[in-house]
Undergrad: 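Quick one: structure below, then a few questions.
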Amino acid sequence: MKKLIAGLTAGLVLALPLSASAGTIEKDKAEHFGAGVAIDAAEAVIFPKWTPFERFLGVAAIAGAKEWYDHNHSDRHTADWKDFAATCLGGITGEGCIWLIHKTW
């Protein structure tokens, strides 16, 4: 049941970029935020023995690898430290959701 609730929570957070308006938050950053939550939720399901810090390091590593890729393919992508930060903030938010799920249920 916890995995189902975690999946639903991640799905709702992933829907945030769809509801973001151009005046309130940049859509790209909202997508990175949602990706951070999704990565963290996936790690929690795939690696249940990992600590929250280990899951956050996983999110940060994936976000860093994505921005490194963007940097090395600058003809098609734009690297931005704010994208990295938004993904990491999503990972932190994902950890908060996981904590609430475990505390409540």
Side-chain angles (χ1 to χ4, degrees):
M1 185 67 171
K2 289 181 186 179
K3 290 181 182 181
L4 174 65
I5 293 169
L8 290 174
T9 303
L12 289 173
V13 173
L14 283 174
L16 282 175
L18 301 175
S19 64
S21 67
T24 58
I25 186 169
E26 194 174 335
K27 185 177 181 202
D28 179 55
K29 302 306 178 268
E31 290 170 345
H32 279 274
F33 181 85
V37 173
I39 293 166
D40 192 70
E43 288 176 346
V45 172
I46 296 168
F47 307 108
K49 301 257 189 233
W50 280 15
T51 65
F53 184 70
E54 289 171 327
R55 286 191 299 266
F56 175 75
L57 286 179
V59 171
I62 291 170
K66 163 68 166 84
E67 294 309 313
W68 178 77
Y69 176 85
D70 289 348
H71 175 73
N72 289 323
H73 295 88
S74 58
D75 56 325
R76 293 171 294 179
H77 300 278
T78 305
D80 185 6
W81 70 269
K82 292 177 186 175
D83 289 347
F84 174 79
T87 307
C88 289
L89 283 174
I92 292 169
T93 303
E95 281 305 316
C97 292
I98 291 168
W99 177 80
L100 281 173
I101 289 167
H102 285 279
K103 181 175 173 45
T104 307
W105 288 282

Undergrad: Grab the two heavy atoms, one from D80 and one from E67, that are nearest each other, plus how far apart they are.
TA: N-OE1, 3.0 Å
Undergrad: Do you know which two heavy atoms are closest between K82 and K29, and how far apart they sit?
TA: CB-CE, 3.5 Å
Undergrad: What distance separates L57 CG from T51 OG1, expressed to the nearest 0.5 Å?
TA: 8.0 Å
Undergrad: Would you compute the distance between atom CG of D83 and atom NZ of K66 and round it to the nearest 0.5 angstrom?
TA: 6.5 Å
Undergrad: Which heavy atom of A63 sits nearest a heavy atom of F84, and at what distance?
TA: CB-CD1, 3.6 Å
Undergrad: Measure the spacing between CD1 of I98 and OG1 of T93 and express it to the nearest 0.5 Å.
TA: 11.0 Å
Undergrad: Please report the shortest heavy-atom distance between V59 and E43, naming the atom on each side.
TA: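 Heavy atoms only, the tightest pair is N-OE2, 3.6 Å.
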Undergrad: What closest approach, in Å, do E95 and P52 show between heavy atoms, and which atom pair accounts for it?
TA: OE1-CB, 3.2 Å
Undergrad: Is atom CH2 of W50 surrounded by more than 12 heavy atoms (other residues, nucleotides or ligands) closer than 6.0 Å?
TA: yes
Undergrad: Angle between ring planes, H77 versus H73, binned at 30° and 60°: parallel, tilted or perpendicular?
TA: perpendicular
Undergrad: What heavy-atom pair brings D40 and F56 nearest, and what distance separates the two atoms?
TA: OD1-N, 4.3 Å
